[in-house]
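Here the structure is laid out as structure tokens; the discussion comes afterwards.
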Amino acid sequence: MAQLIPELEVVSLKPQRILHHARVPIEHVYFMESGLVSVLSNTDGVKHGVGVWLIGREGMVGISAVLGMEASPHRRVVQSEGSALRMRVTDLRSAMDNLPSLRPVLLRYVNGVLVQAGQSGVCNASHSLSQRLARWLLMVHDHLDCVDLPVTHATIAKMLGARRASITEGIHILAKNNVIAQGRRLIRIVDRERLEHLSCSCYRTMRIEFERHLLPRQAQPSLRPTCDRPPTPSARAPVSLNSHGT
């Protein structure tokens, strides 16, 4: 894919930056190198929208452009700081026409996204909030490739379409049982195996598809402690749940 390099621009992604507005023509796509982007759908009675799917280090922001659409009903917002390679949509479509190997790669990713979005809908309708919370934390771990997740209770509530008080209660239970630990604006996964056990089968369905199409050489997510951020307190150390992470 060396032919793409002249068309790619390295950009920094700061939290809360909106990469795509809903129903506004998409001018650029972003190939993620690090960080986390959420795709949000507006719905009645929810001010900031509800999470539809997540995009991490393996992904691309702007699949509508791959499918030939000019805009999307969804908004793409940076949740965790990172970087990406930005490309104009016009250049992407030219590359898809001129590089026969590019289109199948992008369409495999689109298929993975469709599986994630569809399974999330099934999960939201069928499983308890505690199972959905465990599934979401596991997915963020996969996308960020580290055990320190820079997310807040408010962010999780928005992504799951739940009350923040309910999320806080669920986080408290997980922390009390040493499945996770919590610092300021941070959740650390302490026992991933137990978190997988607490999740539902939806996570495994998403993970299998993720590995099959996107990570053929990586069978397990990394257990490195941080996402290229300054060191944080030990996961086993006591942490306050009163004001942190809300």
Side-chain angles (χ1 to χ4, degrees), residues 13 15 32-39 51-59 77-83 109 112-113 115-117 119-120 123-124 127 129-160 162 167 170-175 177-236 239 244-245:
L13 303 178
M32 298 288 291
E33 293 188 309
S34 62
L36 186 71
V37 171
S38 60
V39 181
V52 183
W53 69 83
L54 296 169
I55 307 169
R57 57 190 169 79
E58 80 301 329
V77 181
V78 178
Q79 294 294 342
S80 176
E81 182 177 3
S83 64
Y109 175 69
V113 168
V115 170
Q116 182 185 157
Q119 199 67 38
S120 292
C123 189
N124 291 340
H127 296 131
L129 181 58
S130 61
Q131 290 175 307
R132 291 159 52 204
L133 174 60
R135 186 258 302 170
W136 192 85
L137 292 173
L138 289 165
M139 290 178 62
V140 174
H141 178 207
D142 292 342
H143 287 302
L144 288 177
D145 192 29
C146 65
V147 295
D148 283 351
L149 314 181
V151 295
T152 65
H153 296 189
T155 296
I156 300 172
K158 179 168 63 177
M159 293 301 299
L160 293 179
I167 295 298
I171 292 292
H172 177 79
I173 292 172
L174 290 174
N177 288 280
N178 296 318
V179 178
I180 63 170
Q182 193 175 10
R184 183 167 182 79
R185 304 181 68 85
L186 179 78
I187 292 174
R188 171 173 287 182
I189 294 180
V190 176
D191 192 335
R192 181 183 167 94
E193 184 176 350
R194 289 179 64 195
L195 193 61
E196 288 187 13
H197 180 73
L198 293 170
S199 181
C200 54
S201 61
C202 293
Y203 169 71
R204 289 180 286 280
T205 298
M206 295 179 188
R207 179 67 193 181
I208 289 171
E209 200 70 16
F210 180 81
E211 291 176 357
R212 187 162 70 93
H213 289 302
L214 306 177
L215 294 178
R217 295 184 300 273
Q218 181 172 332
Q220 295 293 333
S222 169
L223 294 177
R224 63 193 181 98
T226 63
C227 310
D228 299 323
R229 290 180 173 82
T232 54
S234 168
R236 301 291 182 178
V239 288
H244 292 174

Subject >> Chi angles and distances behind the side-chain contact (heavy atoms from CB on, under 4.5 Å) call for Trp136, Val151 >> reply: CA-CA 11 Å; Trp136 192 85; Val151 295; 3.9 Å; yes
**OP:** Check whether any side-chain heavy atom of Gln116 lies under 4.5 Å from a side-chain heavy atom of Leu54, and answer yes or no.
**Re:** yes
Original post:
Taking side chain as C-beta onward, heavy atoms only, is Leu129 less than 4.5 Å from Arg132?
Top reply: yes
**OP:** Measure across Leu144 and Ser80 and return the closest heavy-atom pair with its distance rounded to 0.1 Å.
**Re:** CD2-OG, 4.1 Å
Original post:
To the nearest 0.5 Å, how far apart are CD in Gln119 and SG in Cys200?
Top reply: 8.0 Å
Subject >> Close side-chain approach of Arg57 to Ser34, heavy-atom, < 4.5 Å >> reply: no
Original post:
About how many Å separate NE2 of His172 and CD1 of Ile167, when rounded to the nearest 0.5 Å?
Top reply: 14.5 Å
**OP:** Please round to the nearest 0.5 Å and tell me the distance separating atom CD of Glu196 and atom CD1 of Ile189.
**Re:** 9.0 Å
Subject >> Distance-minimising heavy-atom pair for Asp148 and Arg188 >> reply: OD1-NE, 2.5 Å
Original post:
Which heavy-atom pair separates Ala117 from Trp53 by the least distance, and what is that distance?
Top reply: CB-CE3, 3.8 Å
**OP:** Answer whether the closest heavy-atom distance between the side chains of His153 and Gln182 falls below 4.5 Å.
**Re:** yes
Original post:
Quick one: are Met159 and Val140 in side-chain contact, heavy atoms under 4.5 Å?
Top reply: no
Subject >> Nearest non-hydrogen partners of Leu198 and Gln131, listed with the distance >> reply: O-CG, 3.6 Å
Original post:
What are the two closest non-hydrogen atoms of Leu137 and Leu149, and how far apart are they?
Top reply: O-CD1, 3.7 Å
Subject >> Shortest non-hydrogen contact from Leu138 toward Ser199 >> reply: CD1-CB, 3.8 Å
**OP:** Could you check Asp191 against Asn178 for side-chain contact (heavy atoms from CB on, under 4.5 Å), going step by step and ending with a plain yes or no?
**Re:** CA-CA 7 Å; Asp191 192 335; Asn178 296 318; over 6 Å; no
Subject >> Heavy-atom side-chain contact between His141 and Val147 under 4.5 Å >> reply: yes
Subject >> Any side-chain heavy-atom pair of Leu133 and Leu174 under 4.5 Å >> reply: yes
Original post:
Given Tyr203 and Leu195, is the side-chain contact (heavy atoms from CB on, under 4.5 Å) satisfied, shown in steps?
Top reply: CA-CA 11 Å; Tyr203 169 71; Leu195 193 61; over 6 Å; no
**OP:** Quickly, which of Arg192, Arg135, Arg204 forms a salt bridge (charged side-chain N to carboxylate O under 4.0 Å, His left out) with Asp142? Name it, please.
**Re:** Arg192
Original post:
Heavy atoms, side chains only, cut-off 4.5 Å: are Glu58 and His143 in contact?
Top reply: yes
